[in-house]
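One structure is given below, encoded as structure tokens.
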Amino acid sequence: MHNVMRLRILSCLLLLVVFFDVVASNLYTTINLLRDGKGNCGNAKQLAPLKPLAALERVARDLARGNQLEQSLKAAGYMAARVNALTFRGNGIDSQLAGILAKKNYCQKLQNAAMTEVGIYVDARQVWIVMALPFALSMDMDEQSAGQRVLDLVNQTRAMRRNCGNKAFNAARPVRWNDSLADVSHLHSEDMARFDYVSHNSRDGSSLTQRVERVGYKYRVIGENIAAGQMNPEDAVAGWINSPEHCANLMNPAFTEMGVAFAFNRNSKMGVYWTQQFGTPR
């Protein structure tokens with residue numbers, strides 16, 4: 001008798017799993033139709049369909065169980081450059097969701113051109129949708145080429161008057177490349193990437209001045225910008241321009257030389273780590 005009951009329970013559970021899998025499968029189709037401008041989601045752009053991904057399905061499942069997004073992404077081994085999670089709750093939500101998603105505010109989320117992958121989790125009272133752009137280094141250049149690009153962008157920035165926060169800066173003379181400052185930048189970026197941190201103090205406790213002195217750079221003034229997560233030189237420099245303190249370094253007329261480097265660690269939190277050194281030699 002007990003075995004019969006167990007079999008019936010297992011059969012019901014299996015039917016529920018199959019049912020929710022079918023619901024999720026239908027939702028993938030619905031989302032991509034709406035993304036393509038079908039139904040009430042008009043769209044003039046040609047957007048590629050979101051690719052269903054098992055790792056993001058696991059993320060969606062963990063979110064449904066109460067886990068945090070960052071924790072869920074890490075547990076699934078998924079590094080996201082961008083991520084957006086949507087949740088819907090209520091009795092019979094699975095049968096109502098297609099109509100809900102077709103509303104204007106959700107159309108805009110589904111038609112985010114930056115997103116390329118998706119995972120869905122469905123149970124009796126909730127649905128989780130996780131859309132993401134996987135992390136990838138979006139530049140086809142080596143460190144030397146990236147450094148030259150940053151140098152060009154910095155000098156373009158210095159060529160015009162600019163406000164950094166509440167402080168106004170006149171246009172400044174261009175800075176030139178310095179290999180020693182690039183070496184310092186490289187070592188600090190590598191250290192941040194390897195040990196997964198973002199700080200002006202190295203993991204061994206050394207400061208900017210100590211790191212510069214180690215490579216034998218004799219200076220009158222020095223400065224440092226750091227960043228993490230930016231996947232190309234343009235984004236790194238734009239982030240520094242938008243930060244008053246970093247922007248002040250970019251525009252400081254006292255600096256005459258610069259070096260910059262990035263390091264990449266797929267298993268770290270931010271993925272890419274940048275260090276930029278400014279200086280004026282004695």
Side-chain angles (χ1 to χ4, degrees), residues 51 53 55-56 59 68-85 112-117 130-157 175 177-204 206-208 211-212 215 223-247 249-250 258-278:
K51 176 185 176 183
L53 199 71
L56 290 179
V59 173
Q68 298 298 311
L69 180 58
E70 184 177 326
Q71 173 189 359
S72 301
L73 288 166
K74 187 173 182 179
Y78 188 95
M79 180 176 284
R82 298 184 186 181
V83 63
N84 189 16
N112 186 337
M115 303 302 181
T116 61
E117 297 175 339
V130 179
M131 298 177 290
L133 171 68
F135 184 92
L137 198 59
S138 60
M139 55 183 180
D140 184 20
M141 58 177 66
D142 56 22
E143 191 171 75
Q144 183 177 357
S145 300
Q148 181 61 53
R149 178 59 177 154
V150 172
L151 179 64
D152 292 343
L153 291 168
V154 167
N155 283 330
Q156 289 173 23
T157 302
V175 290
W177 185 263
N178 180 275
D179 287 334
S180 294
L181 293 178
D183 289 342
V184 178
S185 299
H186 173 82
L187 291 171
H188 191 53
S189 291
E190 286 286 347
D191 196 61
M192 289 194 295
R194 180 182 177 188
F195 295 106
D196 200 5
Y197 72 94
V198 183
S199 174
H200 290 285
N201 291 321
S202 296
R203 190 170 177 270
D204 65 3
S206 60
S207 65
L208 164 61
R211 293 193 298 273
V212 169
V215 301
E224 179 178 76
N225 286 343
I226 56 175
Q230 295 84 357
M231 291 179 285
N232 55 60
E234 289 76 13
D235 287 347
V237 174
W240 288 326
I241 292 172
N242 290 328
S243 166
E245 181 180 352
H246 296 92
C247 175
N249 277 340
L250 293 179
M258 190 204 85
V260 67
F262 71 89
F264 176 63
N265 179 0
R266 183 174 295 278
N267 296 318
S268 64
K269 181 179 178 180
M270 301 302 294
V272 178
Y273 298 78
W274 297 82
T275 306
Q276 179 183 45
Q277 309 288 357
F278 290 99

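This chain uses plain numbering: 1 for the first residue, then up along the sequence.
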Item checked: Contacts of Glu143 that satisfy salt bridge (charged side-chain N to carboxylate O under 4.0 Å, His left out) - sequence neighbours left out -> none
Item checked: Expected output: side-chain Asp235 to main-chain Gln230 donor-acceptor under 3.5 Å -> no
Item checked: Side-chain H-bond candidate by donor/acceptor type, Trp240 with Asn242, under 3.5 Å -> no
Note to self: For Glu70 and Lys269: C-alpha separation, side-chain torsions, deciding distance, then whether side chain to side chain contact (heavy atoms under 4.5 Å, CB included) applies.
What the structure shows: CA-CA 9 Å; Glu70 184 177 326; Lys269 181 179 178 180; 3.4 Å; yes
Check: Can you name the ring pair (Phe, Tyr, Trp, His ring centres under 6.0 Å) partners of Phe278, sequence neighbours left out?
Finding: Phe255
Next item on the list: Write down the atom of Ser268, the atom of Ala193, and the distance for their closest heavy-atom approach.
Entry: CB-O, 4.0 Å
Item checked: All salt bridge (charged side-chain N to carboxylate O under 4.0 Å, His left out) counterparts of Lys51, not counting sequence neighbours -> none
Item checked: Inter-residue atom distance Leu151.CG - Asn178.CG, 0.5 Å rounding -> 11.0 Å
Notebook entry, point to check: Side chains of Val272 and Asn265: does their closest heavy-atom pair fall under 4.5 Å?
Noted result: no
Notebook entry, point to check: Do you know which two heavy atoms are closest between Thr116 and Pro134, and how far apart they sit?
Noted result: OG1-CD, 3.2 Å
Next item on the list: Search all heavy atoms of Ala228 against all heavy atoms of Val198 and return the closest pair with its distance.
Entry: CB-CG2, 3.6 Å
Item checked: Sequence-distant partners of Asn201, side chain to side chain contact (heavy atoms under 4.5 Å, CB included), two or more places apart -> Ser199, Ser207
Check: Who passes side-chain hydrogen bond (donor to acceptor under 3.5 Å, both in side chains) against Asp196, sequence neighbours left out?
Finding: Tyr273
Counting only pairs under 3.5 Å, give me each side-chain donor-acceptor contact of residues 71-84, with atom names and distances, residues two or more places apart or in other chains.
residue	atom	partner	partner atom	Å
Ser72	OG	Gln68	O	2.8
Tyr78	OH	Glu117	OE1	2.6

Next item on the list: Can you see which heavy atom on Ser189 is nearest to which on Ala261, and at what distance?
Entry: OG-O, 3.0 Å
Item checked: Pairing residues for Glu224 by the side chain to side chain contact (heavy atoms under 4.5 Å, CB included) criterion, not counting sequence neighbours -> His188, His200, Leu208, Arg211, Ile226, Thr275, Gln277
Margin query: If you apply the rule side chain to side chain contact (heavy atoms under 4.5 Å, CB included), what do you find for Val237 with Gln156, and how did you get there?
Written below: CA-CA 11 Å; Val237 174; Gln156 289 173 23; over 6 Å; no
Next item on the list: Kindly write out the residues that satisfy side-chain hydrogen bond (donor to acceptor under 3.5 Å, both in side chains) with Asp152, not counting sequence neighbours, or none if the list is empty.
Entry: Gln148
Notebook entry, point to check: Does Glu234 have any side chain to side chain contact (heavy atoms under 4.5 Å, CB included) partners at least two apart in sequence or in another chain, and if so, which?
Noted result: Arg149, Leu153, Asn232
Notebook entry, point to check: Considering residues at least two apart in sequence or located in another chain, which fulfil the side chain to side chain contact (heavy atoms under 4.5 Å, CB included) criterion with Phe195?
Noted result: Asp191, Tyr197, Arg203
Check: Which word best sums up how the rings of Trp274 and Phe262 line up, parallel for under 30°, tilted for 30 to 60°, or perpendicular for over 60°?
Finding: tilted
Next item on the list: Before giving the answer on side chain to side chain contact (heavy atoms under 4.5 Å, CB included), spell out for Val154 and Val260 the whole-Å C-alpha distance, their side-chain angles and the decisive distance to 0.1 Å.
Entry: CA-CA 11 Å; Val154 167; Val260 67; over 6 Å; no
Checklist line | Asp142 and Ser145 side chains, donor-acceptor separation under 3.5 Å | finding: yes
Check: Looking at residues at least two apart in the chain, or sitting in another chain, which of them share a side-chain hydrogen bond (donor to acceptor under 3.5 Å, both in side chains) with Asn249?
Finding: Asn225
